Q: 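This is the structure, below, for whatever I ask next.
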There are 2 protein chains.
Amino acid sequence: MGNEKQVDAGREQVDTDAFLRSVARLHRLATRNAANLDVPPAQMRLLALVSDLGPARIGDLAEADHSSQPTMTTQVQRAEAHGWLTRTPDPDDARASLIALSPKGGRQLAAARAARTAAIAPLFAELGPRDAATLNRAVAIVDRLLTNPSPD
Amino acid sequence: MGNEKQVDAGREQVDTDAFLRSVARLHRLATRNAANLDVPPAQMRLLALVSDLGPARIGDLAEADHSSQPTMTTQVQRAEAHGWLTRTPDPDDARASLIALSPKGGRQLAAARAARTAAIAPLFAELGPRDAATLNRAVAIVDRLLTNPSPD
DNA sequence: TTGCAAAACATAGAGAATCTATCTAATGTA
DNA sequence: TACATTAGATAGATTCTCTATGTTTTGCAA
């Protein structure tokens, strides 16, 4: 029947379940190997996000991160307590603040990225150039999907 | 300079940091969209794992899942309480038990997979066949990396 | 065969990451 | 001016995970 894995060449679809499972397993492995780092995973995500977005409001960060506003409030408070983020009043709206990466936060992000890469990169070492290229292309595709304003 | 993204054709390497970040963002999105399901993420991972491995000991499950033994003990106890997993004494070792998927667990796994797929698949709907094929290939590569006995 | 280190699992305690529900304060508009 | 809306903050509860430690079997060795 050739239904081995909808490889139908012409209208191939993503095997969503396999995809999600791989993501979950990868995330498990990544957070485990990064457990000894001094920046917890959610804080990493936040620092990288603020680094990309520049000064942004809590609500915007929550939306971009696909998390709830209370969650983002808490994460920002933690990062602020570490001195990684700064908060300035939004000149246009007294209810809001603008969250930005501090110099210390920038250094911490760079250091954590390096440490995290050092911890995980060996896993990829055995991959040939073809497979590595495939993974890089997959990352680009996913990033595009995640960054686009979800159309629903 | 063309160092845009180590695309050097010949000795391309995985951009580990971008890769890990995408995984973290995907995991965030996936767990959020699956939040209303009745099988929490870690339990999903466990049921899928047991479904693959067949009857296995706690320690083997922990190793395959890249998590600690106490964590696996807890997760197994929860799944057991739901009637999703069964525990039988290991005939070869009175200290150990063999964990297996119950019929109810199998049904729950299938249902949860379907629900999860329905929740996430729309994200992939807009992808063309080329991109879908790339993602499927990436999943295969990653699964191979994750399943191989890590050589360290 | 007894004794003890090792192995397999369970328990305790703590911290991170989330969510929903709700509260406060500022905006904007009728 | 009054009231609905919006931006964040707070409270309380889960889930998920870890390290440290305890308990029971095993298995080997004297």
Side-chain angles (χ1 to χ4, degrees), chain A residues 23-47 49 55-82 84-85 87-99 112, chain B residues 23-47 49 55-82 84-85 87-99 112:
Chain A
V23 166
R25 297 216 292 162
L26 275 169
H27 185 255
R28 179 80 275 282
L29 181 67
T31 58
R32 182 177 184 70
N33 282 41
N36 30 351
L37 307 187
D38 42 2
V39 184
Q43 296 276 293
M44 274 296 284
R45 236 173 47 232
L46 173 56
L47 295 187
L49 183 62
R57 292 149 61 124
I58 298 261
D60 295 335
L61 293 175
E63 185 181 347
D65 190 52
H66 300 284
S67 59
S68 71
Q69 170 264 308
T71 293
M72 188 51 71
T73 290
T74 302
Q75 289 298 333
V76 165
Q77 285 171 344
R78 278 219 285 155
E80 233 185 319
H82 278 97
W84 296 334
L85 296 181
R87 180 190 294 251
T88 46
D90 183 336
D92 296 337
D93 190 337
R95 292 169 300 180
S97 310
L98 294 178
I99 310 300
Chain B
V23 167
R25 297 216 292 163
L26 275 168
H27 185 256
R28 180 81 275 280
L29 182 67
T31 57
R32 181 177 183 71
N33 283 41
N36 30 352
L37 308 186
D38 42 2
V39 183
Q43 295 277 292
M44 274 297 283
R45 237 174 44 233
L46 173 56
L47 295 187
L49 183 62
R57 293 148 61 121
I58 298 260
D60 295 335
L61 293 175
E63 185 182 347
D65 189 53
H66 300 283
S67 59
S68 72
Q69 170 264 310
T71 294
M72 188 51 71
T73 289
T74 302
Q75 289 297 333
V76 166
Q77 285 171 343
R78 278 219 288 156
E80 231 185 321
H82 277 97
W84 297 334
L85 296 181
R87 179 190 295 250
T88 47
D90 184 336
D92 297 338
D93 189 338
R95 294 168 298 179
S97 310
L98 294 177
I99 310 301

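The analysis underlying the following values was restricted to heavy atoms, covering all of them including side chains, and did not include hydrogens, waters or symmetry mates. A note on names: the letters A, B, ... follow the listed sequences, proteins ahead of strands, and every chain is numbered from 1. Keep in mind the model is a prediction, meaning the values are calculated, not measured.
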Q: Return the value, rounded to whole Å, for the distance between atom CG of B:Leu46 and atom P of D:dT17.
A: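 Spelled out: CG on B:Leu46 to P on D:dT17 is 10 Å.
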Q: Name all stems that contain residues of DNA chain C, defined as runs of 3 or more consecutive Watson-Crick or G-U wobble pairs, both distances under 3.5 Å.
A: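 Runs of three or more consecutive pairs: C:1-30 with D:1-30.
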Q: For B:Arg45, what residues pass the salt bridge (charged side-chain N to carboxylate O under 4.0 Å, His left out) criterion, not counting sequence neighbours?
A: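 Partners of B:Arg45 by the salt bridge (charged side-chain N to carboxylate O under 4.0 Å, His left out) criterion, ordered by chain and then number, come out as B:Asp65.
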Q: Rounded to whole angstroms, how far apart are CG on A:Asp38 and P on C:dG15?
A: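 Rounding to the nearest Å, CG of A:Asp38 and P of C:dG15 are 17 Å apart.
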Q: Using the side chain to side chain donor-acceptor pair (under 3.5 Å) criterion, which residues pair with A:Thr73? Sequence neighbours excluded.
A: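 So A:Thr73 forms a side chain to side chain donor-acceptor pair (under 3.5 Å) with A:Gln69.
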Q: What residues, two or more places apart in sequence or in another chain, satisfy salt bridge (charged side-chain N to carboxylate O under 4.0 Å, His left out) together with B:Arg32?
A: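 By the salt bridge (charged side-chain N to carboxylate O under 4.0 Å, His left out) rule, B:Arg32 matches no residue at all.
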Q: Does B:Gln77 have any side chain to side chain donor-acceptor pair (under 3.5 Å) partners at least two apart in sequence or in another chain, and if so, which?
A: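 For B:Gln77, no residue satisfies side chain to side chain donor-acceptor pair (under 3.5 Å) once neighbours in sequence are set aside.
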Q: What is the distance from CD1 of A:Ile58 to P of D:dG8, rounded to the nearest Å?
A: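 Atom CD1 in A:Ile58 sits about 6 Å away from atom P in D:dG8.
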Q: Going by the rule side chain to side chain donor-acceptor pair (under 3.5 Å), which residues pair with B:Thr71 if we only count those two or more places apart in sequence or in a different chain?
A: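 B:Thr71 satisfies side chain to side chain donor-acceptor pair (under 3.5 Å) with B:Ser68 only.
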Q: Let me have a per-nucleotide readout for nucleotides 18-30 of chain C, 5' to 3', with B, S or -, counting only protein heavy atoms under 4.0 Å.
A: SBBB----BS---
Q: Please report the distance, rounded to the nearest Å, between CG in A:Asn33 and P in D:dT17.
A: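 Rounding to the nearest Å, CG of A:Asn33 and P of D:dT17 are 14 Å apart.
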Q: Can you name the closest pair of heavy atoms from A:Leu47 and A:Trp84 and give their distance?
A: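 Closest approach of A:Leu47 to A:Trp84: CD2-CB, 3.9 Å.
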Q: Residues two or more places apart in sequence or in another chain: which of them pass salt bridge (charged side-chain N to carboxylate O under 4.0 Å, His left out) with B:Glu63?
A: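 For B:Glu63 there are no salt bridge (charged side-chain N to carboxylate O under 4.0 Å, His left out) partners, ignoring immediate neighbours.
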Q: If you assign each of B:Gly59 and A:Gln43 to its closest nucleotide in DNA chain C, which residue comes earlier from the 5' end?
A: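 Its nearest nucleotide lies further toward 5', so the answer is B:Gly59.
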Q: Quick one: B:Arg87 CZ to C:dA8 P, roughly how many Å, whole number?
A: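 These atoms are roughly 15 Å apart.
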Q: With sequence neighbours excluded, tell me which residues meet salt bridge (charged side-chain N to carboxylate O under 4.0 Å, His left out) with B:Asp60.
A: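 By the salt bridge (charged side-chain N to carboxylate O under 4.0 Å, His left out) rule, B:Asp60 matches no residue at all.
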Q: For B:Thr73 and C:dC9, is the shortest distance between a side-chain N/O and OP1 or OP2 below 4.0 Å?
A: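 False: B:Thr73 side-chain N/O out of range (4.0 Å or more) of C:dC9 OP1/OP2.
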